[in-house]
Amino acid sequence: EPEVTQTPSHQVTQMGQEVILRCVPISNHLYFYWYRQILGQKVEFLVSFYNNEISEKSEIFDDQFSVERPDGSNFTLKIRSTKLEDSAMYFCASSRDMFANTGELFFGEGSRLTVL
Amino acid sequence: GNSVTQMEGPVTLSEEAFLTINCTYTATGYPSLFWYVQYPGEGLQLLLKATKADDKGSNKGFEATYRKETTSFHLEKGSVQVSDSAVYFCALSTGGGNKLTFGTGTQLKVEL
């Protein structure tokens, strides 16, 4: 069964360092998303991406964050200069159709980011 | 704004026990409601959904009914199995947008 895969599963970095989290969405999906969950808190929407551009982003997704689909298969989240409060589990998701039509997103296992 | 409140876990049950995980929401407009489940080592996956008031979503023996009057979408299962051990997330979406608002998740552990 097709699945969304994420790498790395866990990354430890120093504050101020750049981090890139990678995701391979399901191959025939067109819509891509990043969510994150700070330990003990809610899963929060970060950004959605369609047709090579951001379609929606949250207040959390400031200038330190960027997303890219560099090669038609990978979907990456970059954090330019990490802060302690960026420590969280980051979930990538994809969907074939506009979410509003089906309500179903397919999620990866998550990448745990720890900023020291 | 939109928000989802779930009962805190972890919830520990014996096999064949009855399960209820409470979920209430606050939303602008008329939300669609979802339960997602994350099994150990896997990504979140859609368990069930309901798109309008009084709808009942069901899957794998789990059920949840969209209660507009109490703004709730409680998850129930009559007889849980060890294989149901997972984290359960309640979520909503409004306005035809393409994002979900989640709760914190409730960890369920089922023991023999």
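In what follows, chains carry the letters A, B, and so on, assigned in the order in which the sequence lines appear, proteins first and then strands, with residues in each chain numbered from 1.
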With a sphere of 6.0 Å drawn around [atom1] of [X], does it hold more than 12 non-hydrogen atoms of other residues, nucleotides or ligands?
| X | atom1 | value |
| --- | --- | --- |
| A:Leu39 | CG | no |
| A:Glu59 | CD | no |
| B:Glu8 | CD | no |
| A:Asp63 | CG | no |
| A:Lys83 | NZ | yes |

* **A:Val24 with A:Phe106, same ILVMFWY side-chain cluster at under 4.5 Å** => no

* A:Met15, A:Leu77: one ILVMFWY side-chain cluster at the under-4.5 Å cut-off? -> yes

* Under 6.0 Å between ring centres, would you say that holds for B:Tyr36 and A:Phe107? -> yes

* Side chain from CB out, backbone as N, CA, C, O: work out which of these in A:Glu44 comes under 4.5 Å of a heavy atom of chain B, or both, or neither. =>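 Neither part; nothing is under 4.5 Å.
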
* So what's closer than 4.5 Å to chain B heavy atoms on A:Val43: side chain, backbone, both or neither? -> both

* Asked: Any idea which of B:Gly41, B:Ser32, B:Ala91 has the most non-hydrogen atom pairs under 4.5 angstrom with chain A?
  ->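 Top count of heavy-atom pairs under 4.5 Å with chain A: B:Gly41.
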
* To do: Would you mind checking which part of B:Gln38 comes under 4.5 Å of any heavy atom in chain A, side chain (CB onward), backbone (N, CA, C, O), both or neither?
  => side chain

* **Check: B:Thr101 and A:Phe45 side chains under 4.5 Å, non-hydrogen atoms** =>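 Heavy-atom side-chain distance check fails, nothing below 4.5 Å.
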
* With side chains defined as the heavy atoms from C-beta onward, is the minimum distance between A:Leu105 and B:Leu46 less than 4.5 Å? -> no

* Asked: Who wins among A:Gln37, A:Glu3, A:Lys42 for the most heavy-atom pairs under 4.5 Å with chain B?
  ->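 That would be A:Lys42.
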
* **Gap separating the CD atom of A:Glu56 from the NZ atom of B:Lys99, nearest 0.5 angstrom** => 4.5 Å

* To do: Give the intermediate values and the outcome of side-chain contact (heavy atoms from CB on, under 4.5 Å) for residues A:Gln41 and B:Phe102.
  => CA-CA 10 Å; A:Gln41 298 185 25; B:Phe102 281 94; over 6 Å; no

